[in-house]
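Structure first, then comments.
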Number of protein chains: 2
Amino acid sequence: MQSTAAEDYVKAIYHHTEWQPEPVTPSQLAARLGLANSTVTEMVKKLAAAGLVHHRPYGAIELTREGAALAVRQVRRHRVVETWLVERHGYDWDEVHDEAEILEHALSDRLLDSIAASLGDPVRDPHGDPIPARDGTVTRPDAVLLADAQLGHEGAVVRIADDDPAMLRFLAESGVALDAALAVLGQKPYSGSMQVRTATGTVDLGPDVAQSIWLTA
Amino acid sequence: MQSTAAEDYVKAIYHHTEWQPEPVTPSQLAARLGLANSTVTEMVKKLAAAGLVHHRPYGAIELTREGAALAVRQVRRHRVVETWLVERHGYDWDEVHDEAEILEHALSDRLLDSIAASLGDPVRDPHGDPIPARDGTVTRPDAVLLADAQLGHEGAVVRIADDDPAMLRFLAESGVALDAALAVLGQKPYSGSMQVRTATGTVDLGPDVAQSIWLTA
DNA sequence: GATGAGATTTCGGCATACCGAAATCATTGC
DNA sequence: GCAATGATTTCGGTATGCCGAAATCTCATC
């Protein structure tokens, strides 16, 4: 059991718990992977038989130690490839995902490590997501969701979880990029939008954006 | 019909006729691909239905215009990847094939062209095999097999068709590498081996080696 | 012109990974 | 405590690509 399908499943399970941990259900997994529920049930059974996940019928799905290791390996591959595409091949953030999704299954360990080394062994990808090390170590910065930040909180942007290219462009133009220093000036009641100071000025960010931006604590 | 299997089949058919043209039979194809004859028969039927090959039952197999275009595209991908692995990632000649075999199916056109451009759009791979251009143009140098060369023939090495790493190392140490100037000094009767002058001295090359080295005409 | 060797094709089967429909389960609301 | 709802699982089925064994064809040889 080491098919590309298996790799995709464990990676999807891993992602579900990466930033806010709660076990994943078959239907959530099916939605994320774009598959029928019945397909996921069958595959999860096989993954369980292969020792990659824990799953009792009608229960939630959790990775075993072995499954988590495989997932972390895949995440490393995916994010190294994304970083490489952006830094060396002129891809934009929104263009890398599909290509990386395929390549992460095709590169040998040797080539992947060589690519990572040529990039200086980066520790985060273009979105700020941590890139696991070769040995599976994941260093995740202490981060606060902008939406949860206290009034007056100041911090640098460590992660931008949005995939919408238009949104990313807007943020970049507003002075919101990885490592940019932000300060939370205020919170508009009802609208849920946040007023934020950047290096160059002040911006209002809507609630969904505030759910996508993470700051240093 | 554009599966990785189809790509492998048309590429194998193409290779068969690349340096000495004769149509390929199902059993030759099966041997080259490491598959059962029955599998090849079935797949060829599908390729024919898809318009990639001509094939009447019990006859030879030939590429259609469309099949040849797909094959050339795959050859380009394979050779660009091999060149990239050797030039940028420290692979040796004998180590690139398996990796390239997988990657050639996984790279998008955009990424492949970007990689080729980063290498200066090379026209030949580490073995001297021509790399087809983006538009499918193949420029093959006029070449003479060393084994067929006239006595006194002088020319530069344009292709080394051997895959054996020990052999390649021996050749490199003997002054036989791509672009090296050689002169055919003599031919030993019966043994079939050739005496050749290199920049640094004189070497005897056995008949199988002489079947693998190509010189400018 | 028949025959037999060797290549080719046909046939039934297998594995993977997917689907929709039907059956089953768990839990919430009454 | 029970029914109904929504999630989960089971079941039959599909497509691709592979295999070995059996049937069939071709062609050289006699």
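Letters go in sequence order (proteins before strands), and every chain restarts at 1.
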(request) May I have the distance from Glu42(A) (atom CD) to dG12(D) (atom C1'), rounded to whole angstrom? (result) 11 Å

(request) Answer yes or no: does a side-chain N or O of Lys46(B) lie under 4.0 Å from OP1 or OP2 of dA15(D)? (result) no

(message) In whole Å, I'd like the distance from the CD atom of Gln28(A) to the C1' atom of dA7(D).
(response) 11 Å

(request) With Asp129(B) as reference, evaluate Arg124(B), His15(B), His78(B), Arg159(B) under the side chain to side chain donor-acceptor pair (under 3.5 Å) test and give the passing residue. (result) Arg159(B)

(message) Between the base of dG17(D) and the side chain of Thr39(B), is there a donor and acceptor pair under 3.5 angstrom?
(response) no

(message) For the backbone of His105(B) and the side chain of Arg77(B), can you confirm whether one donor and one acceptor N or O come within less than 3.5 Å of each other?
(response) no

(request) For Met1(B) and dA15(D), give me the distance from atom CE to atom C1', rounded to whole Å. (result) 12 Å

(message) From CZ of Arg56(A) over to C1' of dT9(D), roughly how many Å is that when rounded to an integer?
(response) 15 Å

(message) Could you tell me how far apart Leu47(B) (CG) and dG17(D) (P) are, to the nearest whole angstrom?
(response) 9 Å

(request) Compare the minimum distances between each of dT8(C), dC18(C), dC18(D) and the side chain of Leu35(A), then state the nucleotide with the smallest one. (result) dC18(C)

(request) Find which nucleotide of DNA chain C each of Tyr9(A) and Pro57(A) is nearest to by heavy atoms, and output the residue with the more 5' nucleotide. (result) Tyr9(A)

(request) Rounded to the nearest angstrom, tell me the gap between atom CG in Asn37(B) and atom P in dA22(D). (result) 16 Å

(message) Expressed as a whole number of angstroms, how long is the span from Lys45(A):NZ to dC18(C):P?
(response) 15 Å

(request) Specify the separation, in whole Å, of atom NE2 of His55(A) and atom P of dC25(C). (result) 14 Å

(message) Whether Tyr58(A) contacts dA23(C) is assessed here as follows: a side-chain N or O lying under 4.0 Å from the phosphate OP1 or OP2. Is that the case?
(response) no

(message) So, OP1 or OP2 of dG6(C): does either fall under 4.0 Å of a side-chain N or O from Ser27(B)?
(response) no

(request) Measure from the side-chain heavy atoms of Ser38(A) and tell me the nearest of dC18(C), dT9(C), dA21(C). (result) dA21(C)

(message) Does Arg110(A) form a salt bridge (Lys or Arg N to Asp or Glu O under 4.0 Å) with Glu95(B)? I'd like the steps, not just the answer.
(response) CA-CA 11 Å; Arg110(A) 172 179 179 181; Glu95(B) 300 176 317; 3.3 Å; yes

(request) Could you verify whether a donor N or O on one side chain and an acceptor N or O on the other, from Ser114(B) and His89(A), lie under 3.5 Å apart? (result) yes

(message) So does Ser118(A) get a backbone contact from the side chain of Arg88(A), meaning a donor-acceptor N/O pair under 3.5 Å?
(response) yes

